[in-house]
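Proteins get letters first, then strands, A, B, ... in listed order; numbering begins at 1 in each.
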Amino acid sequence: MPELPEVEVTRRGIMPYITNQRIQRVVVRTAKLRWPVPTQLGTLLNDGLIKHVERRGKYLLLELENGWLLIHLGMTGTLRILSRGTASESQLLPTDRHDHIDWIFDKCMLRFRDPRRFGAVLWHPHNAGPVLLHPLLAKLGIEPLSADFNSALFHRLTRARSTPIKQILLAGQIVVGVGNIYASESLFRAGIHPATAAGRISVKRYEKLVTEIRATLAEAIEKGGSTLRDFVGSDGARGYFQLDYFVYGRSGEPCRNCGAPIRQIMQQQRSTYYCPRCQH
DNA sequence: AGCTGGTCCTGATGGC
DNA sequence: TGCCATCAGGACCAGC
């Protein structure tokens, strides 16, 4: 999926266009995502005002007057702002088969596209309680860019665990937002071998890991900032931005630090990349 | 054919 | 035995 940086860049990209805007109409072409899209979505949101655009982990949270729209982009989801110009609704932009949902505003529309349909669009009414207590959000780990993310937390929560640190990162129970790409990248930058048992990593090494996770994600968000213009205008699907990765996808290529060939291993059926010389 | 940026769910396992 | 937390695998899909 989009990992946290891509979700955050999406949030920043759509926010200025939809905040304080009223939804005129919702078009659901495909309700079959990871979970069924609420059939009454159109009715629920009709004439609804978008008050806030937030993020928790990789979930986007759009607050309306009567509840929250939860959006997850899955592996291949994108949200784009498309200009409607002065067109009437009968002149909506052409869709491709993976354009599942449109939220139509006065001057623009927000379009959700997701070829693999691992994404989700859910509704959480205010009268169901705080959105952060939603079952999908309640047990999420800490936000990596928050001040509360620290090495002591990492150390404490992993003492009894023999699980490889790479898998701990992906699980999202301690820290959210680190997906397969940035897990490899962060571990490389921290000099930690991805198969290391999480319970055997010292506080000091976790300090380095926390620093590098933050830096990796922050840099990716910054890079994405330059692509914000891509959220507007065309209907073409744009790939997500890519950093110059240190190890991800670079199997056999020389380590950018020491020149040793980067290795690829499988962990939990996911590829992990690392430098055998720089990471221990 | 086998891989791909996610993650929930189920059933199995292991510790107390 | 029972109750947990943890863990491995499967599931959902399309595209290359």
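- Cluster note: A/I265 groups with A/Y274 through ILVMFWY side-chain heavy atoms spaced under 4.5 Å, whether in direct contact or through intervening members.
- Applying the salt bridge (Lys or Arg N to Asp or Glu O under 4.0 Å) rule to pairs touching residues 7-19 of chain A yields A/E8-A/R11, A/E8-A/R12, A/E8-A/R55, sequence neighbours excluded.
- Between the side chain of A/T158 and the backbone N or O of A/R161, no donor-acceptor pair lies under 3.5 Å.
- With sequence neighbours excluded, no residue forms a side chain to side chain contact (heavy atoms under 4.5 Å, CB included) with A/T39.
- Atoms CG (A/L4) and C1' (B/dG6) sit 13 Å apart, rounded to a whole Å.
- Within the 3.5 Å criterion, the main-chain N or O of A/F246 finds a donor-acceptor partner in the side chain of A/E185.
- Ring geometry, A/H100 versus A/F112: the interplanar angle falls from 30° to 60°, so the pair is classed tilted.
- Note on residues 251-265 of chain A: pairs passing salt bridge (Lys or Arg N to Asp or Glu O under 4.0 Å), not counting sequence neighbours, are A/R250-A/E253.
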Query raised in the report: When every nucleotide of nucleotides 4-9 of chain C is labelled 5' to 3' by its protein contacts under 4.0 Å (heavy atoms), B for base, S for sugar-phosphate only, - for none, what sequence of letters results?
Result: --SSSS
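- Between A/H72 and B/dT7 there is a side-chain N or O to OP1 or OP2 distance below 4.0 Å.
- Between A/S271 and B/dT4, a side-chain N or O to OP1/OP2 separation shorter than 4.0 Å is present.
- Atom pair A/K58:NZ and B/dT7:C1' shows a separation of 8 Å (rounding to whole Å applied).
- Ring-base stacking between A/F118 and B/dT7 is not satisfied when judged by a centre separation under 5.5 Å and a plane angle under 30°.
- Contact check for A/L69 versus A/L60: no side-chain heavy atoms found under the 4.5 Å cut-off.
- Checked against A/Y17 for a side chain to side chain contact (heavy atoms under 4.5 Å, CB included), the options A/I50, A/V53, A/I81 give a single hit: A/I81.
- Side-chain contact of A/H126 with A/E63: a donor-acceptor pair under 3.5 Å is present, judged by distance alone.
- The aromatic rings of A/F154 and A/F149 lie tilted to each other, with the angle between the two planes from 30° to 60°.
- Taking atom CD of A/Q264 as the reference point, atom P of B/dC3 lies 9 Å away to the nearest angstrom.
- Between A/I181 atom CD1 and B/dC3 atom C1' the separation is 14 Å, expressed in whole Å.
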Query raised in the report: What pattern of brackets, bars and dots sums up DNA chain C from 5' to 3', given Watson-Crick or G-U wobble pairs under 3.5 Å, [ ] for crossing pairs and | for another strand?
Result: .|||||||||||.|||
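- Across the protein-nucleic acid pair, A/K139 atom NZ and B/dT7 atom C1' stand 12 Å apart, rounded to whole Å.
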Identify the pairs formed between an N or O of the protein and an N or O of nucleotides 14-16 of chain B at a distance under 3.5 Å, and give each distance.
none

Pairs under 3.5 angstrom, nitrogen or oxygen only, protein versus nucleotides 14-16 of chain C, please.
| unit_1 | atom_1 | unit_2 | atom_2 | d |
| --- | --- | --- | --- | --- |
| C/dA14 | OP1 | A/R117 | NH2 | 3.0 |
| C/dA14 | O4' | A/P115 | O | 3.4 |
| C/dA14 | O3' | A/H98 | NE2 | 3.2 |
| C/dG15 | OP1 | A/R97 | NH1 | 3.2 |
| C/dG15 | OP1 | A/H98 | NE2 | 2.8 |
| C/dG15 | OP2 | A/R97 | NH1 | 3.3 |

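- Atom-to-atom, CG of A/L170 to P of B/dG6 comes out at 7 Å; the value is rounded to the nearest Å.
- For A/A31, the side chain to side chain contact (heavy atoms under 4.5 Å, CB included) partners are A/V28, A/V37, not counting sequence neighbours.
- A donor-acceptor pair under 3.5 Å is absent between the side-chain atoms of A/S184 and the main chain of A/I181, judged by distance alone.
- With sequence neighbours excluded, no residue forms a salt bridge (charged side-chain N to carboxylate O under 4.0 Å, His left out) with A/R156.
- Atom-to-atom, CG of A/L70 to C1' of B/dT7 comes out at 15 Å; the value is rounded to the nearest Å.
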Find every protein N or O atom lying less than 3.5 Å from an N or O atom of nucleotides 8-13 of chain B, and list the pairs.
| unit_1 | atom_1 | unit_2 | atom_2 | d |
| --- | --- | --- | --- | --- |
| B/dC8 | OP1 | A/Y59 | OH | 3.2 |
| B/dC8 | O4' | A/R34 | NH1 | 3.3 |
| B/dC8 | O4' | A/R34 | NH2 | 3.0 |

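- Shown here are the side chain to side chain contact (heavy atoms under 4.5 Å, CB included) partners of A/P261, two or more places apart in sequence or in another chain: there are none.
- The existence of a salt bridge linking A/R29 and A/D102 is confirmed by a sub-4.0 Å separation between a basic side-chain nitrogen and an acidic carboxylate oxygen.
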